[in-house]
Structure formats: structure tokens, C-alpha cells
There are 2 protein chains.
Amino acid sequence: MCLINGQVGSALPVDDRGLAYGDGLFETIRVRAAQPTLLDYHLRRLRRGAEQLRLELDWAALQSELLLMASQSGVGVIKLIVTRGSGQRGYSVAGAQQPLRIVMGSALPEYPPDRQSQGVELFSCQTRLASQPLLAGLKHLNRLEQVLARSEWLDSRYAEGLMCDQHDRIIECTMSNLFLRWQGHWITPDLSESGVRGVMRDYLIDRLAEEGDPVSIVAVDQLMLHECSELFCCNSLYGVWPIVAMNGLRWPVGQATLAAQQIAKQALL
Amino acid sequence: MCLINGQVGSALPVDDRGLAYGDGLFETIRVRAAQPTLLDYHLRRLRRGAEQLRLELDWAALQSELLLMASQSGVGVIKLIVTRGSGQRGYSVAGAQQPLRIVMGSALPEYPPDRQSQGVELFSCQTRLASQPLLAGLKHLNRLEQVLARSEWLDSRYAEGLMCDQHDRIIECTMSNLFLRWQGHWITPDLSESGVRGVMRDYLIDRLAEEGDPVSIVAVDQLMLHECSELFCCNSLYGVWPIVAMNGLRWPVGQATLAAQQIAKQALL
């Protein structure tokens with residue numbers, strides 16, 4: 001099922017600026033018990049993006065469409081795309097007055113369940129993330145770097161791929177954020193120049209702080225990967241996967257990771 | 001008029017990866033006498049992009065659709081978009097088997113004619129281009145930087161906006177490439193880390209070399225802007241516009257620029 005500006009449909013105008021320029025944003029939201037999970041966090045990120053791109057969205061309509069789709073789905077995933085809508089040819093936003101909202105329902109992805117308990121192996125991607133402070137953190141529609149990185153491996157032994165920036169700093173995975181247990185504390189990469197500020201990342205930062213185990217946002221270099229005692233990747237669909245192997249390095253499924261995984265499960269399941 | 005995979009239409013499937021991730025390429029082609037202009041150059045760039053993104057296009061169908069659209073238009077612009085087509089949710093290209101071709105016809109943009117003869121003033125954009133060697137030079141669908149840059153000015157006295165990279169090197173304009181007359185020769189910015197390799201840029205490089213006035217591709221810093229005796233911007237729709245002013249700097253409409261403008265006119269008019 002799909003709603004386009006509130007109407008059931010499955011096609012959009014060919015002159016939409018989301019297609020032409022990636023001029024828009026998206027969110028991928030897990031649905032449980034006919035409700036969107038972590039909705040405040042998703043909407044907060046969407047607001048930051050809309051502000052940066054100067055997209056004027058109809059927030060009331062958007063929220064009611066998300067709730068309607070969740071009530072129809074019961075359990076599953078909602079993908080929300082908002083674009084600047086149809087415009088004239090050319091980069092100028094003049095004339096693009098009516099943003100487009102697309103709300104799509106689908107089934108939950110079927111990940112092997114032992115990823116939660118046994119952990120996952122990462123592929124080490126060669127594709128480097130560009131530095132662009134104006135767009136960093138946002139979940140915008142310009143995602144060719146992720147497409148290129150995800151195309152680097154086919155072997156299903158790798159659940160995710162690690163991405164670095166052009167200074168070899170560790171930033172994120174293709175569809176996940178990273179947390180490292182380093183010197184007895186959680187750290188997560190600074191995303192002020194590149195990367196997506198994931199909803200689960202922000203949720204875990206808030207909840208772990210409440211539980212007395214605060215997360216530091218820092219520049220993460222390769223050495224820290226060697227030095228950390230545990231690490232995990234996370235997103236708002238699957239929650240937390242312990243990372244146990246990459247490029248010959250090994251890490252255990254640790255207690256701090258399992259605690260974070262529990263927090264994620266409470267929000268999603 | 002619009003052709004979608006050869007069929008008349010105006011709607012795009014909502015799960016197209018061009019919309020989801022900007023996973024595709026485009027070309028904007030001027031039509032004269034019912035023929036596309038500079039078609040070899042457009043197709044060559046498209047091939048480079050398709051190779052880098054590993055898009056397998058039906059080149060025969062694509063060319064015949066471009067020729068059909070040109071014959072219908074007579075005079076105007078064809079915008080071609082190719083995407084990886086519909087896929088599952090997620091960055092993996094697995095399952096996206098059928099690329100989408102969109103061929104749209106429209107009227108020529110109506111630029112004031114004195115831009116050719118009197119030259120144009122540039123706005124100096126604050127938006128910086130990120131460095132991404134894997135995508136530099138390609139005309140892909142991830143164009144938020146250009147959208148942000150073009151949103152910086154509204155005043156119609158500025159015909160174009162100058163864009164630099166994060167090292168303050170001069171790269172291009174939002175929809176044009178740049179040529180500078182420096183120490184008696186043409187130079188144009190190196191685009192190996194950012195920017196779009198415009199069809200008119202490549203055409204002028206080839207033709208000026210043939211005419212004994214070769215163009216050097218170099219890193220262009222701010223000082224060279226102060227030192228150059230003429231400069232112009234170019235693209236495959238309008239040809240060549242002399243640049244006469246930016247940020248208090250002034251340049252004349254020079255003879256070398258007028259010679260390049262003539263070469264462009266022969267290809268486009």
C-alpha cells in the first residue's frame with residue numbers, strides 16, 4: 001500500500017525534483033502493534049532536514065498518513081519520502097510550491113535471527129564518504145555513496161559494510177551507525193561532516209545517558225577500532241547487532257552491547 | 001511529451017531507485033533542426049556514468065528515443081534521465097534488473113539575449129562542493145549541492161553562481177563550466193574531485209585544440225580569478241556567456257571569448 005499526498009497511488013509525476021536532483025528526504029520507520037516506533041525521533045530528524053533544505057511540509061497531514069499506514073500494517077516498515085515536488089527544469093526551487101509526501105508500507109526485512117545473538121561480520125568498504133557539512137547528518141535522497149559502497153560485496157557472510165571518510169576516519173556503516181566500547185565507555189563517530197544521524201543512534205545516546213553510561217561523540221580513527229573491547233552497529237529497523245569480525249580483527253559479544261541491544265528491543269519490539 | 005522506456009507516459013513508479021537514492025544519470029540536450037546537438041559528447045558522458053554506476057542501458061533503444069523526441073520537437077531541449085529502475089528497499093542493487101529511460105521534451109529556456117553580447121554577472125556561492133573522486137565529472141542525480149547553491153540568490157542580475165570546493169579552489173558554476181584566459185592561454189578547472197564535466201566544456205577543449213589555442217586543465221585558485229584577462233561560462237544549452245563581473249571584480253568581453261562563443265554557436269544554432 002502506498003499513499004501519495006494522502007491518496008492511494010503508486011506513481012509520481014516524472015518532473016518531480018526528488019527524481020531530478022534527489023531534492024528531498026526520507027525516513028524508514030518500524031511499525032509494531034499498528035503504531036510507528038520512535039516517531040518523535042524520526043520526525044525530529046525530518047524537521048532538521050526540511051529546515052536545511054527549506055522544504056515546507058504539511059506536518060499534520062504527514063503525521064496522520066503515517067498513523068494511517070501504521071494502523072493498516074500492524075507490523076512492518078513504513079518508508080516515508082518527501083520531495084520538493086514538481087518544478088521547472090533547472091536547479092532553482094522557484095515554482096516548486098507543492099512538496100510531495102510518499103508513505104509506503106512493506107513487510108519487515110527478514111534478517112537471520114542469529115545476527116542479534118551471535119553478532120555480524122563487517123565488510124570494509126573502499127568507497128569513502130565525502131565531507132559536506134551542509135548535508136551531513138540528514139537522511140536526504142542523495143545516496144549514491146551508499147549504493148556504491150553496498151555494491152562492493154555480494155557474499156552474505158557480511159551483514160554490513162564499514163565506511164570511512166577521506167581522512168580514513170571511521171564514520172558509519174552503509175545503513176547503520178556505529179558504537180565502540182573504548183576505555184570503558186561508549187563512543188560514536190562525530191557526523192558533522194559526513195554520515196547519517198540515525199534515529200536509533202540518537203535514541204541510544206539519550207537512553208544510555210539516562211542509565212548512567214553516557215556516549216561520547218568523537219572523531220574515531222582506525223587505531224580505536226583495534227583498541228575497542230566491543231562494538232555494535234544499529235538502526236531503527238533491526239535494533240543492535242554486535243560486531244564480531246572485520247578484516248581479521250575479532251571482538252566478543254560483550255555485556256555493554258547486550259545492554260544496548262535490550263534498550264533497542266524495548267523501543268522496537 | 002515524454003517517453004518512459006519508449007512508451008508515452010508521465011508517471012514514474014514510486015519504488016524507482018532514481019527517486020529513492022538518486023541512483024541514475026541525466027543529460028540535457030539542445031535540439032535544432034529536429035536533431036539533437038552534440039549527441040556524441042552527451043552519449044560519451046552517459047557511457048562513463050553508466051560504467052561507473054554499473055548501469056546496463058539499452059543503448060539502441062535510448063538513441064532511437066532521443067532521435068524520435070528530437071524529430072517531434074524541432075527546436076527545444078530534451079532532458080534524458082536514466083535510473084537503475086525499480087528495486088527492493090535498501091541500497092543493494094540486487095533485484096534491480098530493468099533500468100528506466102525517461103526522455104522529456106521541452107521548450108528552449110528564454111535567456112535574455114544580451115547575455116551573449118554584454119556578458120553576465122556571477123553570484124559568489126557559499127555552498128562548497130564536496131570532494132568525491134568516484135562521482136566527480138558525472139552528471140548523476142545527486143544534485144543537492146547545486147540546489148543549495150542556486151537557492152543562495154534570487155536577484156535576476158546574477159545569471160549564474162560560482163562554486164568552489166572546500167579548499168577554496170574554483171570548480172564550476174551551478175549549471176555551467178568555466179574557462180579563464182590566463183597568461184595568454186585558456187585554462188579550465190580540474191574536475192577529478194568534484195564538478196560536472198560538461199559536454200560544452202569537452203567540445204570546446206577539442207575544438208580549441210584543433211584551432212591551435214589549446215586549453216589546460218589545472219587547479220584554479222582564487223588568485224587566478226584576479227589575474228585572468230577574460231573568462232566565460234558555458235553549457236550545452238546556451239553556449240558561451242562572457243563573465244564581466246563578480247564581487248567587485250570586472251572583466252571585458254574579450255576576443256578569445258568571442259571566438260569560443262562562435263564555436264559554441266556553430267554546434268548549437
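Numbers restart at 1 for each chain; the letters A, B, ... are given by sequence-line order, proteins then strands.
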Considering only heavy atoms, which portion of [X] lies under 4.5 Å from any heavy atom of chain B: side chain, backbone, both, or neither?
{"X": "A/Ser131", "result": "both"}
{"X": "A/Arg150", "result": "side chain"}
{"X": "A/Gln132", "result": "both"}
{"X": "A/Leu138", "result": "neither"}
{"X": "A/Leu135", "result": "side chain"}

Any side-chain heavy atom of [X] sitting closer than 4.5 Å to one from [Y]?
{"X": "B/Leu12", "Y": "A/Asp16", "value": "no"}
{"X": "A/Gln88", "Y": "B/Ser106", "value": "no"}
{"X": "B/Pro133", "Y": "A/Arg128", "value": "no"}

- Heavy-atom contacts under 4.5 Å, residues 192-199 of chain A to chain B: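 Residues qualifying by a heavy atom under 4.5 Å from chain B are absent, so none.
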- Are there residues of residues 1-11 of chain A that reach to under 4.5 Å of chain B by heavy atoms, and which ones? A/Cys2, A/Ile4, A/Ser10, A/Ala11
- Working to the nearest 0.5 Å, report the span between CD of B/Glu145 and CG of A/Leu134. 8.0 Å
- Query: Roughly how far apart are A/Leu154 CG and B/Ser92 OG, rounded to 0.5 Å?
  - Reply: 7.5 Å
- Counting heavy-atom pairs under 4.5 Å with chain A, the top scorer among B/Gln166, B/Met175, B/Met104, B/His140 is B/Gln166
- Message: Can you tell me which of B/Ala130, B/Pro109, B/Gly90 forms the most heavy-atom pairs within a distance under 4.5 Å of chain A?
- Response: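 Heavy-atom pair counts peak at B/Ala130.
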- Query: Sequence neighbours excluded, which residues qualify as ring pair (Phe, Tyr, Trp, His ring centres under 6.0 Å) partners of A/Tyr91?
  - Reply: A/Tyr21
- Task: Please determine, among A/Asp23, A/Val93, A/Asp15, the option with the most heavy-atom pairs under 4.5 Å with chain B.
- Result: A/Asp23
- Item | Contact winner vs chain B - A/Val77, A/Ile102, A/Val147, heavy-atom pairs under 4.5 Å | A/Val147
If I measure from the heavy atoms of chain A, does [X] come under 4.5 Å with its side chain, its backbone, both, or neither?
{"X": "B/Gln146", "answer": "both"}
{"X": "B/Leu25", "answer": "neither"}
{"X": "B/Arg17", "answer": "side chain"}

- Intermediate values then yes/no, side chain to side chain contact (heavy atoms under 4.5 Å, CB included), A/Gln52 and B/Leu144: CA-CA 11 Å; A/Gln52 180 66 0; B/Leu144 275 173; over 6 Å; no
- chain A contacts: which residues in residues 79-86 of chain B have a non-hydrogen atom closer than 4.5 Å to it?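 So the qualifying residues are B/Lys79, B/Ile81, B/Thr83, B/Arg84.
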- More than 12 non-hydrogen atoms from neighbouring residues, nucleotides or ligands closer than 6.0 Å to CZ on A/Arg54, yes or no? no
